[in-house]
There are 2 protein chains.
Amino acid sequence: MDHHKTKVNPLFLREEELRQSIELLFFAYRDFTSEPDAILAELGFGRAHHRAIYFVGRNPGLAVNQLLDILKITKQSLSRVLGQLLREGFIVQATDARDRRRRLLRLTAKGEELERLLTEKQLHRVARACREAGAEATEGFRTVLRGMINVGDRHWVPLDADSAAM
Amino acid sequence: MDHHKTKVNPLFLREEELRQSIELLFFAYRDFTSEPDAILAELGFGRAHHRAIYFVGRNPGLAVNQLLDILKITKQSLSRVLGQLLREGFIVQATDARDRRRRLLRLTAKGEELERLLTEKQLHRVARACREAGAEATEGFRTVLRGMINVGDRHWVPLDADSAAM
DNA sequence: CCACATATGTCAACAAGGCTGACTTATTTT
DNA sequence: AAAATAAGTCAGCCTTGTTGACATATGTGG
């Protein structure tokens, strides 16, 4: 619609290409979250519940502080969501034997069931996109995404494909 | 932390790899939005303001309906944000000569300045990640992201690097 | 021309999920 | 014994999404 100056910048990619990447991220993330969001809405939950359930499911025995570090929200924000999930029996907590101040979180069977229901859609979306793009593209996809994460938080997602997230 | 069954599934990638991709998306998007969010908070704005400014800047002369189609929110949600941006002089609207019901949106100089300030951080983050990962990885990154977008909305982000978003 | 559809805007009420600040209770560390 | 840490709670605020109802201007098809 308007003319772009095709700036030859010192960024290796032209600004036009970088902006397209920004837009791809926006649209992809928007659609990536839309399916679980719709299911959550029916259950009276929101996206924050999915995030809590997801990361507890992936890291059984996670402490509250660690979950806060992953989500980068305040404990007051988390407590609303986590409190609901505990009261409604999706998550249970147990006192850590080695440090009795800590509460270690785990999914119940009910929690695992909901986690699967929600994450399934996202797994299929990512799987389809990766399959269609090919193995090499998938590798690049993961490498660039990883490079976008603040260095201090990259340890949450391992480089090699065989280690778990914790 | 727990053992994963290394399911040989019909999805071309194992579930472990797919889950890692989901986590990469979460962390990357979380950090991708954090810098503009901090600036916006100081100005009394939120992420929704950035999105409106961004897409109007990228598509000068965009109609309100088109912006709604991009953002996939209700017009009532948009009107709050857009109203502020209009009143505070970041965006102007002009009646479309060919269809006088339509209001075509454009950034003012002030709006362009804010847009650049906000998007700059994201451009640098993406540029760095792409540069470090290499040209081939970047290509794959873009291809997979594109494949994650609902087909009906892929037209907003062109395939070839030289066409604009509209 | 009239009826209908479309584009935009507005008012009101509600909910999710962020935030800050203040304060408590256990427990561990120093 | 004091300080730091982990967790939890209460209260209030903001942004940004939602629904529903309605108003106005303009375009379109019969």
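This one's a predicted model, so the numbers in the text were calculated from it and none came from an experiment. Letters A, B, ... mirror the listed sequences (proteins, then strands); counts begin at 1.
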Looking at [options], which one has an atom nearest to any side-chain atom of [X]?
X	options	answer
R100(B)	dC19(C), dT27(C), dT26(D)	dT26(D)
V64(B)	dT8(C), dT16(D), dG21(C)	dT8(C)
A48(B)	dG17(D), dG18(C), dT10(C)	dG17(D)
R101(B)	dG18(C), dG9(C), dA7(C)	dA7(C)
R102(A)	dA7(D), dT16(D), dT26(D)	dA7(D)

**Asked** Hey, are R58(B) and E16(A) close enough for a salt bridge, meaning a charged N less than 4.0 Å from a carboxylate O?
**Response**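 Looking at R58(B) and E16(A), the cut-off is met.
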How close or far is atom [atom2] of [N] from atom [atom1] of [X], stated in whole angstroms?
X	N	atom1	atom2	value
I70(B)	dG17(D)	CD1	P	14 Å
L82(A)	dG17(C)	CG	C1'	14 Å
D96(B)	dA25(D)	CG	P	18 Å
I91(B)	dG9(C)	CD1	C1'	16 Å
H50(A)	dA16(C)	NE2	C1'	16 Å
R98(A)	dT5(D)	CZ	P	20 Å
L71(A)	dC19(C)	CG	P	10 Å
I73(A)	dC14(D)	CD1	P	20 Å

What contact category does [X] fall into here, base, sugar-phosphate, or nothing, at under 4.0 angstrom with non-hydrogen atoms?
X	result
G44(B)	sugar-phosphate
R80(A)	base
A41(B)	nothing
Q84(B)	nothing

On the nucleotide [N], are OP1 or OP2 found under 4.0 Å from the side-chain N or O atoms that [X] carries?
X	N	result
H49(A)	dG17(C)	yes
R51(B)	dG17(D)	yes
S77(B)	dT18(D)	yes
Q76(B)	dG20(D)	no
N65(A)	dT5(D)	no
S79(A)	dT9(D)	no

**Request:** Check the angle between the aromatic planes of F90(A) and F45(A) and answer parallel, tilted or perpendicular using the 30° and 60° thresholds.
**Result:**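 The arrangement is perpendicular - the two ring planes meet at more than 60°.
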**Prompt:** So which one's nearest nucleotide on DNA chain C is more toward 5', L104(B) or D99(A)?
**Reply:**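 Nearest nucleotide further toward 5': that of L104(B).
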**Message:** Reading DNA chain C from 5' onward, which residue's closest nucleotide shows up sooner: A97(A) or K72(A)?
**Reply:**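 The residue closer to the strand's 5' end, by nearest nucleotide, is K72(A).
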**Stepwise side chain to side chain contact (heavy atoms under 4.5 Å, CB included) test for Q66(A) and L105(A)** = CA-CA 10 Å; Q66(A) 296 178 293; L105(A) 305 170; over 6 Å; no
**Asked** Could you go step by step and tell me if F32(A) and Y29(B) meet the ring-ring contact (aromatic ring centres under 6.0 Å, His included) rule?
**Response** CA-CA 12 Å; F32(A) 172 70; Y29(B) 201 79; 9.4 Å; no
**Request:** Carefully, step by step, assess E15(A) and L123(B) under the rule side chain to side chain contact (heavy atoms under 4.5 Å, CB included).
**Result:** CA-CA 8 Å; E15(A) 174 155 336; L123(B) 289 170; 4.1 Å; yes
**Asked** If only atom types and distance count, is the side chain of R102(A) paired as donor or acceptor with the main-chain N or O of N65(A) below 3.5 Å?
**Response**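 The answer is no, because no donor-acceptor pair under 3.5 Å joins these two groups.
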